[in-house]
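One structure, as structure tokens, below. Some questions next.
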Amino acid sequence: MKIHETLQQLDSLLRSSQLEEAESFLKTQTEQAAASGDWETEAVLRNEQMGFYRDCGNFPESLHAAQRARFLYESHHQTNSVSYATTLLNCANAYRASGSYDAAFAAFAAVQSLYQKHLPPDDIRIAGYWNNLALLYQEVQQWENACDCLRNALNLARSKQDCVKIAISCTNLAVSLLHLSQIEEAEALLLEADTILAGRTPSDFHYSAVLAGLGDVCYQKAEFEQAAAYYEAALAEIDLHMGHNNFYEIVSENLRHAYEKCHTFRPHLTGLELSSRFFQTFGLPILEHAFPEMLPELAIGLAGEGSECLGYDDAFSADHDYGPGFCIWVPAHLPEEAQQALQKAYDALPHEFYGIRRTAMPTAVQRVGICTIPSFFSRLLELPHLPETEQEWLSVPESGLAAACSGAIFRDDSGNLTQQRSLLQKGYPEPVRLRRLAQQLARMAQCGQYNYPRMRRRGDYGTAQLYLMQFCTHAMQAVHLIRRQYAPYEKWLLRSTQNLPGFFDFSAQISKLLTMAPACTTCFTESEDPVCRKIQQICNIIEQEVANMMHTSPQENAYLEQTANMLAETAELLEHTEMFRQL
């Protein structure tokens, strides 16, 4: 069996946080090694199982793997070796994690004896021994002994300039120092570890301990809000690498205490707030650490489709395409391999944050992650560029314009994306706006003032209701044009209308009209029908708004097609005037 290839494949699964797949793969490979009688390969894989199950909190399986690994070495009389010492070290950690402290101390003593016999005193593996022995001392609350071990480990790691082991030793030492109320030294060590581990992609699973330790520092300094923020970040990292294990539960309890000290509970973040915090906590450090040369060309934020981009997300929004995530917009000239590297780093980010896990649907293409700036606009506007001509403006779906202008940009050093969005956010060119408004008013007249009562008189109540819904849709789209706003897709059209300045009561009337249940009777009198009266009231409101906008006098109980014709004529006049100016 090619053990190196096996371990590489296992590491790949673990780096991508595929814990179930990793467990299944590790079990299968171990069983195959045992069946073939390849005891050395089986021993290596048993060591992997010990660590995997220990980190996942499955202590019985971890202890079983430890028992089997020791048996393999002992039965083959290979107990006087460095590899057996390493196995004993893993066994000691399994014993410690399961609460078998006497067995753990005995195993550590045997490891020390073998290391002293076979390794030079400055071998970096000895730093691992001190670190792990310190964890046992921490478990039994012998903090001074733990600090002594960790100072040995840190000194050795520094002499070897092993950054990761320096970070691990700093973190473990800080935990012990906090129990001795030596807060300042603990904080300095944790910040040093944070400098080393923050922004790595994929992240090092030890980073969760750094974040949890910084949370403990803030808690002891009575900085409870910041403590909670660190604990939230730690939980995301623990979930990514180890799932909801024992450490996850400990940090969750610490988080609960931090929120209690703040006299609050875990906050309900909007989608934009969640996205912004997720980017600041995990995204920005990775971009600064791994892609500093690209960062000036990138734009980061959350915009496009989705209720959270419009600011309308609620408790029902979390069932699909919702959760921690953000967009990274790249210029079109960025090489494909660079885009793929960014996407790979993005995919390695935690999947859970503030207790929310992203649930993506297959149809939600490019809502978060890496996207070129041109493809972002072309996807939403159905054009290869921003609209320029009147025909292009009229062809663009208005909901696409609303989506392209939605959300927030967290960072855009070049200003490229911000500038293009600003052009769209100015709204339609005036001739286009008036022409689109004329179209909406003409459809309102056709659907509500003409066809609805006509279908009622015919007794075709189903078709009448279809026209009523179309009338309401066109009315809401019309008032968005009056206020120079893009109307979103229909699911949020009523909500958006409610938020338009001066149209709160109008939206309530639309809502009432949509939910009215007219009697199905052949004795239909238009002037007495409450639905027809409400339709005309809405038309009168829009007639008044258009009159105010155009500085004209409103017509009483106007048929809106006449107003639509006036708007179309004005749009044509503006177009000719603009053409004359260009000449």
Side-chain angles (χ1 to χ4, degrees), residues 54-55 57 59 88-112 115 125-159 162 164-194 196-197 205-224 226-227 230-231 234 238 245-258 261:
R54 183 194 69 235
D55 290 341
F59 302 131
L88 284 177
L89 184 63
N90 290 330
C91 292
N93 283 324
Y95 301 149
R96 169 187 57 78
S98 64
S100 303
Y101 300 134
D102 290 340
F105 275 116
F108 275 119
V111 172
Q112 185 180 31
Y115 275 1
R125 283 171 286 188
I126 297 176
Y129 163 79
W130 290 119
N131 261 307
N132 287 289
L133 178 58
L135 294 177
L136 177 56
Y137 279 126
Q138 288 176 348
E139 288 277 352
V140 296
Q141 300 185 19
Q142 295 182 26
W143 306 111
E144 293 285 359
N145 289 336
C147 286
D148 291 340
C149 291
L150 291 164
R151 292 191 194 281
N152 290 336
L154 183 55
N155 290 335
L156 185 52
R158 290 196 194 282
S159 72
D162 189 320
V164 173
K165 283 190 168 54
I166 290 172
I168 294 170
S169 300
C170 284
T171 304
N172 291 337
L173 178 54
V175 171
S176 295
L177 290 170
L178 284 173
H179 283 86
L180 298 173
S181 299
Q182 298 181 34
I183 300 174
E184 290 186 5
E185 184 181 358
E187 183 175 19
L189 289 165
L190 287 165
L191 291 175
E192 181 181 356
D194 183 71
I196 294 171
L197 296 181
F205 79 95
H206 294 100
Y207 187 45
S208 59
V210 177
L211 294 168
L214 287 169
D216 292 341
V217 167
C218 291
Y219 191 94
Q220 290 200 24
K221 293 169 66 176
E223 298 171 355
F224 300 117
Q226 186 58 52
Y230 276 125
Y231 289 143
I238 298 168
N245 63 358
N246 185 54
F247 186 33
Y248 187 97
E249 298 304 321
I250 292 171
V251 177
S252 295
E253 185 67 10
N254 292 342
L255 175 66
R256 185 180 66 81
H257 288 307
K261 290 292 185 179

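Along the sequence shown, residues are numbered consecutively beginning with 1. Nothing here was measured: the structure is a model prediction, and the numbers come from that model. The figures here come from the full heavy-atom set of this structure, side chains too, leaving out hydrogens, waters and symmetry mates.
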With sequence neighbours excluded, residues passing salt bridge (charged side-chain N to carboxylate O under 4.0 Å, His left out) with Arg256: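 With sequence neighbours excluded, Arg256 shows a salt bridge (charged side-chain N to carboxylate O under 4.0 Å, His left out) to Glu253, Glu260, given in chain and number order.
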Interatomic spacing from CG in Leu180 to CD in Glu144 - rounded to 0.5 Å: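 Here the rounded value is 5.0 Å.
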side-chain contact (heavy atoms from CB on, under 4.5 Å) partners for Glu185, two or more places apart: Arg151, Leu177, Gln182, Leu189
Pairwise distance CD(Gln226) to OH(Tyr219) - rounded to 0.5 angstrom: 15.0 Å
Residue pair Val111 / Tyr129: nearest heavy atoms and the distance that separates them: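 Closest approach of Val111 to Tyr129, heavy atoms only: CG1-CD1, 3.7 Å.
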Note, Asp55 side chain near Phe205 side chain (heavy atom, < 4.5 Å):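 The answer is yes, as the side chains (C-beta and beyond) meet within the 4.5 Å cut-off.
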All side-chain contact (heavy atoms from CB on, under 4.5 Å) counterparts of Asn254, not counting sequence neighbours: Asp216, Tyr231, Ile250
Between OG on residue Ser176 and CD on residue Gln141, distance to nearest 0.5 Å: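 It is 11.0 Å, given to the nearest 0.5 Å.
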Residues in salt bridge (charged side-chain N to carboxylate O under 4.0 Å, His left out) contact with Arg96, at least two apart in sequence or another chain: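 By the salt bridge (charged side-chain N to carboxylate O under 4.0 Å, His left out) rule, Arg96 matches Glu139.
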Over all atoms of both residues, closest heavy-atom pair of Tyr230 and Leu211: CB-O, 3.5 Å
Heavy-atom closest pair, residues Ile238 and Ser208: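 That would be CG1-CB, 3.5 Å.
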Atom pair CG/SG of Leu191 and Cys170 - distance to nearest 0.5 Å: 10.5 Å
Any Cys149 side-chain heavy atom under 4.5 Å of Asn131 side chain: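 The answer is no, as the side chains (C-beta and beyond) never meet within the 4.5 Å cut-off.
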Spacing of Ser98 atom OG and Asn246 atom CG [to the nearest 0.5 Å]: 11.5 Å
Qualifying residues under side-chain contact (heavy atoms from CB on, under 4.5 Å), relative to Val217, sequence neighbours excluded: Leu178, Ile183, Glu187, Leu190, Lys221
Gln138 side-chain N/O to Asn172 backbone N/O, donor-acceptor pair under 3.5 Å: yes
Any donor-acceptor N or O pair under 3.5 Å, side chains Tyr207, Asp194: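 A pair is found: one side chain offers a donor N or O, the other an acceptor, under 3.5 Å apart.
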Pair Leu133-Gln112, side-chain contact (heavy atoms from CB on, under 4.5 Å): steps then yes or no: CA-CA 10 Å; Leu133 178 58; Gln112 185 180 31; over 6 Å; no
Pair Cys218-Phe224, side-chain contact (heavy atoms from CB on, under 4.5 Å): steps then yes or no: CA-CA 6 Å; Cys218 291; Phe224 300 117; over 6 Å; no
With Ala103 via side-chain contact (heavy atoms from CB on, under 4.5 Å) - residues at least two apart: Tyr95, Ser100
Phe105 side chain reached by Val140 side chain, heavy atoms, under 4.5 Å: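 Sidechains of Phe105 and Val140: in contact.
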Gap separating the CZ atom of Arg158 from the NZ atom of Lys165, nearest 0.5 angstrom: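 Atom-to-atom, Arg158:CZ and Lys165:NZ are 15.0 Å apart.
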Which atom of Ala104 lies closest to which atom of Ala92, heavy atoms considered: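 It is CB-O, 3.6 Å.
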Ala127 versus Leu156, closest heavy-atom pair with distance: N-CD2, 3.4 Å
Contact summary for Ala167 and Thr171, nearest pair of heavy atoms: O-OG1, 2.7 Å
Leu150 vs Trp130, side-chain contact (heavy atoms from CB on, under 4.5 Å): CA-CA, chis, key distance, verdict: CA-CA 6 Å; Leu150 291 164; Trp130 290 119; over 6 Å; no
Parallel, tilted or perpendicular: rings of His179 and Trp143 (30°, 60°): parallel
